[in-house]
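All remarks here apply to the structure that follows.
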Amino acid sequence: MGSVQRKLYDDAAAEVREMLLHKNSKKRSDNISKPAMYFLKGLTKLRQICDSPNILKDGNLEGEVSSKIEVLMEQITSKSAQHKILVFSQFVSMLDLIKKELEAHNIPFAYLTGQTKNRAETVNLFQGNDTVRVFLISLKAGGIGLNLTEADYVYLVDPWWNPAVENQAIDRCYRIGQKKNVVAVKLICPSTVEEKIMLLQEKKFRLGSELIRTDEEILKSLTQEELLEMLG
């Protein structure tokens, strides 16, 4: 991340860490079941900063470049001529920022979120139109029920708690009729909660072997020590 993005992240992480220690200072506990929703909100903000400070409600930083968008655009511009690409994000606001970059580079794309009414038409645009090389999809809208075999590159802009959710998104390419190898890429900001989430996936969730659980259920299963470790 750039210096402004990193400072915003470090400040937000310190705030969440301080609240975590304060909440547990009077009564020691092995888990955080009671304040789980507060920490979910705080950790969600950290993940948003990793994507781009400009997706925060109070984060309108003109000229501040998202390192993820820079890397993603490099990948898209170098690969879209030969490959069709899916881009997943949990945050629609992040997809909107990527959308602006694609428009600025005159790269045709399809766009699907929970607000999209003509899902079938949007899917057919990507599947059947050779000039449409990129498909922006919100994780919730595109996790199930889509057959996207024209794509052979998948980018997960923001990693999620349970890898089973990520695997569902990637599986959109692995439908009947897929004839190409599929490459799936996660965009991870180093030394952030994103990196720690991946380590926790390997440690606690066995790379997607567990059933999908809600965010709050997963947070409740973490100890205070594990949460502090996530915050760095």
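No hydrogens, no waters, no symmetry mates; every other heavy atom, side chains included, goes into these values.
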Any donor-acceptor N/O pair, Gln5 side chain to Cys50 backbone, under 3.5 Å: yes

Heavy-atom closest contact (Ala184 atom, Ile170 atom, distance): CB-CD1, 3.7 Å

Distance (rounded to the nearest 0.5 Å) between Leu72 CG and Ser67 OG: 11.0 Å

Trace of the side-chain contact (heavy atoms from CB on, under 4.5 Å) decision for Gln48 with Phe91: CA-CA 8 Å; Gln48 290 174 323; Phe91 306 111; 3.6 Å; yes

Side-chain touch Arg119/Leu146, heavy atoms, less than 4.5 angstrom: yes

Audit row: Arg6, Asp10, salt bridge (Lys or Arg N to Asp or Glu O under 4.0 Å) steps and yes/no: CA-CA 6 Å; Arg6 170 55 68 176; Asp10 290 342; 3.4 Å; yes

Validation row: Tyr155, Leu86 side chains within 4.5 angstrom (heavy atoms): no

Heavy-atom donor-acceptor pair, Ser66 side chain to Asp51 backbone, under 3.5 Å: yes

Close side-chain approach of Ser52 and Met94, heavy atoms under 4.5 Å: yes

Beyond-backbone contact of Met73 with Ile107, side-chain heavy atoms, under 4.5 angstrom: yes

Test item: Met198 and Ile188 side chains (from C-beta on) under 4.5 Å apart, heavy atoms: yes

Shortest non-hydrogen contact from Ser78 toward Gln82: O-OE1, 3.7 Å

Interatomic distance, Leu136 atom CG to Phe126 atom CZ [nearest 0.5 angstrom]: 10.0 Å

Polar side-chain atom of Arg172 near backbone of Val154 as donor-acceptor pair, under 3.5 Å: no

Test item: Lys196 side-chain N/O and Ser191 main-chain N/O as donor-acceptor pair under 3.5 Å: no

Glu74 side chain near Ile69 side chain, heavy-atom distance below 4.5 Å: no

Heavy-atom closest pair, residues Met1 and Thr192: CE-CG2, 3.7 Å

Which atom of Arg47 lies closest to which atom of Ile197, heavy atoms considered: CD-CD1, 4.1 Å

Side chain to side chain, Val134 and Val132, heavy atoms closer than 4.5 Å: no

Exceeds 12 heavy-atom contacts within 6.0 angstrom, atom CG of Asp11: yes

Side-chain donor/acceptor of Glu194 to backbone N/O of Cys189, under 3.5 Å: yes

Summary of side-chain hydrogen bond (donor to acceptor under 3.5 Å, both in side chains) pairs that have at least one residue in residues 97-116, sequence neighbours excluded: Asp96-Tyr111

Test item: Lys186 side-chain N/O and Asp158 main-chain N/O as donor-acceptor pair under 3.5 Å: no

Side-chain (Tyr9) to main-chain (Val193) donor-acceptor, under 3.5 angstrom: yes

Audit row: Leu56, Ile49, side-chain contact (heavy atoms from CB on, under 4.5 Å) steps and yes/no: CA-CA 7 Å; Leu56 299 176; Ile49 294 173; 3.7 Å; yes

Spatial distance of atom CG (Leu8) from atom OG (Ser3) [nearest 0.5 Å]: 10.0 Å

Flag, side chain of Asn129 to backbone of Leu125, donor-acceptor distance under 3.5 Å: no

Heavy-atom pair of closest approach, residues Leu95 and Ile137: CD1-C, 3.5 Å

Listed partners of Lys180 passing salt bridge (Lys or Arg N to Asp or Glu O under 4.0 Å), at least two apart: none

Val123 to Asn147 - nearest heavy-atom pair and separation: CG1-O, 4.0 Å

Side-chain heavy atoms of Tyr153 within contact of Lys84, under 4.5 Å: no

Audit row: Val185, Gln75, side-chain contact (heavy atoms from CB on, under 4.5 Å) steps and yes/no: CA-CA 10 Å; Val185 180; Gln75 293 288 303; 5.5 Å; no

Working for side-chain contact (heavy atoms from CB on, under 4.5 Å), residues Val87 and Phe135: CA-CA 6 Å; Val87 178; Phe135 200 168; over 6 Å; no

